[in-house]
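Side-chain atoms are counted along with the backbone in the values below, which use heavy atoms only and exclude waters and symmetry mates. Within every chain, numbering begins at 1; the chains are lettered A, B, ... in the order of the sequence lines, protein sequences first and strands thereafter.
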Amino acid sequence: MATSYNYKKIESKWQKIWKKEKLFEAKDSVKGKKNFYHLVMFPYPSGDLHIGHWYNFAPADMYARFKRMQGLNVLSPIGFDAFGLPAENAAIKRKIHPEKWTMGNIKTMAKQLESIGNSYDWSRLIVTCQPEYYKWNQWLFLKLFEKGLAYRKKAAANWCPSCKTVLANEQVIDGYCERCQTAVVQKEIDQWLLKITDYAERLLEDLEVLDWPERTKIMQRNWIGRSEGAEIEFPVLSSNLKVKVFTTRADTLPGATYIVLAPEHPLVTVLEERILNKNSVREYIEQARHKTERDRISENKSKTGVEVKGITVLNPFTEKEIPIWISDYVIMGYGTGAIMAVPAHDKRDFAFAQEFKLPIIQSVSKDGTLKETISEPYLEDGVMVNAGDLDKLPNHIAKDRVVETVGGKKKINYKLRDWLISRQRYWGTPIPIVYCDGCGIVPVPETDLPVVLPRVKDFTPDDSGRSPLAKSKKFLTATCPKCGGTAQRETDTMDTFVDSSWYFIRYADPNNDAVFADDKKIKSWLPVQMYIGGAEHTVLHLLYSRFFTKFLNDRGYVDFKEPFSALRHQGIILGPDGQKMSKSRGNVVDPDSLVSEFGSDSVRMYLAFMSEYHQGGSWHPTGIMGVHRFLQRVWAIFSSVSFNESQIVPDAMRRSLHKTIKKVGDDIAVFKFNTAIAALMILLNELEKNKEAINKTIAEDFIKILAPFAPHITEELWRQFGNQESVHLAAWPEYDVQAITEAEIELVVQINGVVRDKVVIGRSLDQSAAEAIVLNLEKIKAALSGKKPKKVIFVPGRLINLVV
RNA sequence: GCCCGGGUGGCGAAAUUGGUAUACGCAGCAGACUUAAGAUCUGCCGUCCUCAACAGACAUGCCGGUUCGAGUCCGGCCCCGGGCACCA
């Protein structure tokens, strides 16, 4: 008599044994096996593993287990992205040190993670807030600094005037401070930036070769924002100065009726003496600077600006004198900070021209005719008008001609900005720089790394706008590595995205103290062959990681150009009410209680079964019953099975088995875990109908293809069958093509495209043979009532359609 | 505003990429077992017409088109989710 399915006992038993036997610890090389690096984005130690983590980790593990059974030497590591603001804020709130809070959370989460039963290699655990790890952040920074790719610059930061502190972008919600709801302003502070823009073109180009979701690539492309255009100079009248503008529509230059400068544009200061309305210009610039993020968002529709009276420029194409305006719809950070305004062919210029009653002149029209009144800008292609010699020429051809005529230069611009990594916060990697009165900015020598983050008591931000580290005299004071004099340490810490931009390399060799990872180990594992994580990291994390990899490749530290060859996203799990899970809504699904009620195998499987992986969905409380019952039935049938090897397995059963082996393998390969599980359910339904015919091969194959989804129950049954080695090291069964091909097929019979009957015929019958059979069917004869089909469409093995 | 996804039974979802729409599961209903409940097993389960069966008609957000045949392709709309947002 069968015992009942005791998942609690089975799961804890095998989790202990796997750990003890180090079953999933990856050796750097195994004879006869190819290495496969499988990675999930490491979690932030927020303190609690919620069902969303499970959704990220459990199905991802199914893929890793499948790859392992396919004969690959799989590395599936795990770690914690342990620095960052939430830890700091939580620590401030609870009055405990961020380190204590973080390490405590990691302990809890590691335990919870183990309860999923994932095949992680725990021996390679990475915790980014430990000096052994962040030492290499600092090393990387020095390497970037050496090449001029890390540089210091005054840059605008989000400043909360009430909290008197700098805020990270994540702390600014719709232009307001997250904590006190004060409108955030921009403040200029000296900060460190990484020159990711040097890599813009390569980051764009190399997207082509990646096996990533198309929408993710599109988002990265948009973020990089390449645009081809030209730089054209507008001479300032009665001066030898010129205003350079960037445009993608040089063909519209004949219609440029004024130019617009960004408020920060240097020309205003240079020619200040000549400005007639100095006061109003100064006032506008001042206003623009104090404008909050909030104002900019709300003012999106109506344009503001001021004319710079007393200075004009020449339109180099028409040689007409045109005015200069200043408006904050032009931004200093893109292009040249100045534009030529063509109201007839640009929406924003059009709105601006209407607001200030400026002339609107066409330079392109659909068919060469001029419109009398222009009620909206014409943005399409067309032919040139008002353009002298170029009239009637298609505008896309005229583009280059205009640039030539005025002596402009072709130019490519990117929206991508350099990466600002300075954080005026405590809980992060110290930037390894000292400031010496004599020597200036001096990098900390490599041999002095790590610059250890001191365990200070007071880590709350204050009104100085500097990191709390500045309050530690001991940390702040340093000797200059160059001259030996007294110097001051940089007190800002690094953005945590630095930590996560290279951690995947560290897993190859996590305990190395001499180099960031051994060259041979890097070669044996990287790049990551399958990377799994949330789509919310589409731009920042994934782009930064690609940038670091390219830099390391340039410097010869790694031999690959892209960190993640293949990428898949999981969806988001919503609460039972269809809303985002949150404590305040009270709709958070707790995985721990589900595990104790149904077992880890059931929770894993339900997550994989509920929808397609990238789609996510609401948690349906009773839905888990389906997979739980399935596992109970698996237990019932296989824990009591007595194999009768003399019994001949019916062809139909063999066929079902092999079809399922194929289906499950094919589906896992494309991350369709839901349909793979459905196929397993169908197979079980069939096996149950004829239990006596199940032999050892069928039972073992079934257990093997179920193993990635439900690792514990399958391991238990597998060993009960008498196997000595883990099912997770067993070979994925091969399907037999012969067994799958059926001799007979069901042919669908349609009349005018509507199904009227079905008939079982030989697989290889041709059209005329099939037609003869079909025309003799009672239902078809009745439906045709004597009429002859005008046309017959025959799809071999599938259907026949009679058109009357 | 622009760029991506998506809209299929009471619910979560399938559909070999133009070829049997609704697989698999949840919930529900009926029956078996049970003193009973639960668990388990068996059957039914898109809508409409019909006493019922057979059969039929209508159904994949809406309107139109292409095709022997459309959830799938094309054109035009309407909702929902995500990203970007004055980038010249």
Side-chain angles (χ1 to χ4, degrees), chain A residues 4 213-223 225-227 229 245-249 252 256 259-260 262 296-297 299-301 303 327-331 333-342 345-349 351-352 413-417 535-536 538-539 571-572 574 578 605-606 609-612 614-630 632-633 636 663 666 672 674-685 688 746-758 779 782-783 789-795 797-804:
Chain A
S4 64
E214 201 48 45
R215 64 198 160 108
T216 303
K217 291 196 201 180
I218 291 170
M219 267 198 238
Q220 286 219 351
R221 270 185 214 120
N222 292 345
W223 189 264
R226 182 185 200 269
S227 72
V245 307
F246 174 74
T247 178
T248 55
R249 290 293 306 272
T252 64
I259 66 166
V260 188
R296 289 184 60 108
I297 294 167
E299 272 175 17
N300 216 332
K301 276 166 200 140
K303 299 264 183 290
S327 173
D328 64 1
Y329 86 89
V330 175
I331 37 189
Y334 182 79
T336 61
I339 62 154
M340 61 181 214
V342 188
H345 304 294
D346 182 280
K347 275 191 221 163
R348 295 144 303 180
D349 297 344
F352 192 80
N413 266 327
Y414 301 90
K415 284 186 204 170
L416 185 69
R417 305 294 160 82
E536 68 274 20
T538 291
V539 275
I572 295 169
L574 303 169
M605 258 186 113
Y606 177 56
F609 181 65
M610 58 185 272
S611 74
E612 209 183 315
H614 70 255
Q615 188 169 314
S618 317
W619 178 266
H620 201 276
T622 54
I624 194 170
M625 283 312 297
V627 286
H628 190 61
R629 280 185 202 129
F630 168 78
Q632 279 177 325
R633 283 160 55 208
K663 172 87 178 146
D666 289 353
K672 291 177 92 169
N674 54 338
T675 47
I677 292 168
L680 284 161
M681 287 172 167
I682 293 169
L683 180 59
L684 183 71
N685 290 345
E688 277 180 337
E746 189 187 60
L747 189 76
V748 171
V749 188
Q750 296 183 335
I751 293 175
N752 290 339
V754 182
V755 181
R756 293 296 166 180
D757 205 354
K758 290 161 198 181
K779 280 186 193 168
K790 277 186 283 189
K791 194 175 163 191
V792 178
I793 284 116
F794 181 68
V795 184
R798 209 172 293 274
L799 65 75
I800 188 160
N801 186 13
L802 310 174
V803 187
V804 291

(message) Need the pair for B:C86. Rule: Watson-Crick or G-U wobble, both distances under 3.5 Å, any strand; none if unpaired.
(response) none

(message) Quick one: does any side-chain atom of A:D346 pair with a main-chain N or O of A:A341 as donor and acceptor, under 3.5 Å?
(response) no

(message) Does B:U60 count as syn, meaning its glycosidic angle lies within 90° of 0, or as anti?
(response) anti

(request) State the syn/anti category of B:G5 according to its glycosidic angle, syn meaning within 90° of 0. (result) anti

(message) Using atom P in both nucleotides, what's the gap between B:A13 and B:G7 to the nearest angstrom?
(response) 10 Å

(request) Indicate, with a heavy-atom threshold strictly under 4.0 Å, whether A:S618 touches base, sugar-phosphate, or nothing. (result) nothing

(message) I'd like the C1' distance from B:C74 over to B:A88, given in whole Å.
(response) 34 Å

(request) Tell me which nucleotide among B:G12, B:U20, B:C24 gets nearest to the side chain of A:V755. (result) B:U20

(request) Could you please name the option among B:C24, B:C86, B:A55 that lies closest to any side-chain atom of A:Y329? (result) B:C86

(request) Would you indicate which nucleotide in B:A88, B:C3, B:C68 comes nearest to any side-chain atom of A:D346? (result) B:A88

(request) Could you check whether A:N222 gets within reach of a base, just the sugar-phosphate, or nothing at all, counting any heavy atom under 4.0 Å? (result) sugar-phosphate

(request) Please report, rounded to the nearest Å, how far the C1' atom of B:C26 is from the CZ atom of A:F630. (result) 16 Å

(request) Return yes if the base of B:U20 and the side-chain atoms of A:Q750 contain a donor-acceptor N/O pair under 3.5 Å, otherwise no. (result) no

(message) Taking B:U17 as the reference, what is the distance to B:C33 when you measure between their P atoms (whole Å, please)?
(response) 48 Å

(request) Check if the side chain of A:K415 and the base of B:C84 share a donor-acceptor pair of N or O atoms closer than 3.5 Å. (result) no

(request) With P as the reference atom in both, quote the distance from B:U47 to B:U60 in angstrom, rounded to an integer. (result) 15 Å

(request) Could you check how far CZ of A:R226 sits from C1' of B:C84, rounded to whole Å? (result) 20 Å

(message) Taking B:C24 as the reference, what is the distance to B:G9 when you measure between their C1' atoms (whole Å, please)?
(response) 14 Å

(message) Can you tell me if A:N685 touches the phosphate of B:G25, counting only side-chain N or O atoms and a distance under 4.0 Å to OP1 or OP2?
(response) yes

(request) Determine the interatomic distance between P on B:G25 and the same-named atom on B:U42; round to the nearest Å. (result) 11 Å

(request) If B:G28 has a Watson-Crick or G-U wobble mate with both distances under 3.5 Å, name it; if not, just say none. (result) B:C44

(request) Take A:K672 and A:S227, find for each the nucleotide of RNA chain B with the closest heavy atom, and name the residue whose nucleotide sits nearer the 5' end. (result) A:K672

(request) Would you indicate what A:R215 reaches in the nucleic acid, counting non-hydrogen atoms under 4.0 angstrom: base, sugar-phosphate, or nothing? (result) sugar-phosphate

(request) Ignoring the backbone of A:T248, work out which of B:A88, B:C24, B:A27 is nearest its side chain. (result) B:A88

(message) Which nucleotide wins on minimum distance to the side chain of A:K758, given the candidates B:U20, B:G25, B:C68?
(response) B:U20

(message) If you count heavy atoms of other groups shown closer than 6.0 angstrom to CD1 of A:I572, is the number above 12?
(response) no

(request) Return the nearest nucleotide to the side chain of A:F609; candidates are B:C68, B:C24, B:C86. (result) B:C24

(request) Looking only at side-chain atoms of A:Q615, point me to the closest of B:U20, B:A14, B:C4. (result) B:A14

(request) Determine the minimum heavy-atom distance between A:W223 and A:K415, stating which atoms define it. (result) O-CB, 3.9 Å

(request) From the options B:A88, B:C26, B:C24, select the nucleotide whose nearest atom is closest to the side chain of A:M681. (result) B:C24

(request) With heavy atoms under 4.0 Å as the rule, sort A:D349 into base, sugar-phosphate or nothing. (result) nothing

(request) May I ask you to say what A:V748 touches in the nucleic acid, namely base, sugar-phosphate or nothing, with a heavy-atom cut-off under 4.0 Å? (result) base

(request) Grab the CE-C1' distance between A:M625 and B:G38 for me, whole Å please. (result) 11 Å

(message) In whole Å, measure the gap between the C1' atoms of B:A27 and B:C44 for me.
(response) 14 Å

(request) Using the C1' atom on both, measure B:U50 against B:G56 and round to a whole Å. (result) 10 Å

(request) Would you mind classifying the nucleic acid contact of A:V627 as base, sugar-phosphate or nothing, using non-hydrogen atoms under 4.0 angstrom? (result) nothing

(request) Grab the CD-C1' distance between A:Q632 and B:U40 for me, whole Å please. (result) 9 Å

(message) Can you identify which nucleotide, out of B:C11, B:C84, B:C24, has its nearest atom closest to the A:H620 side chain?
(response) B:C11

(request) Please determine, for the side chain of A:R756, which listed nucleotide (B:A23, B:A88, B:G56) has the closest atom? (result) B:G56

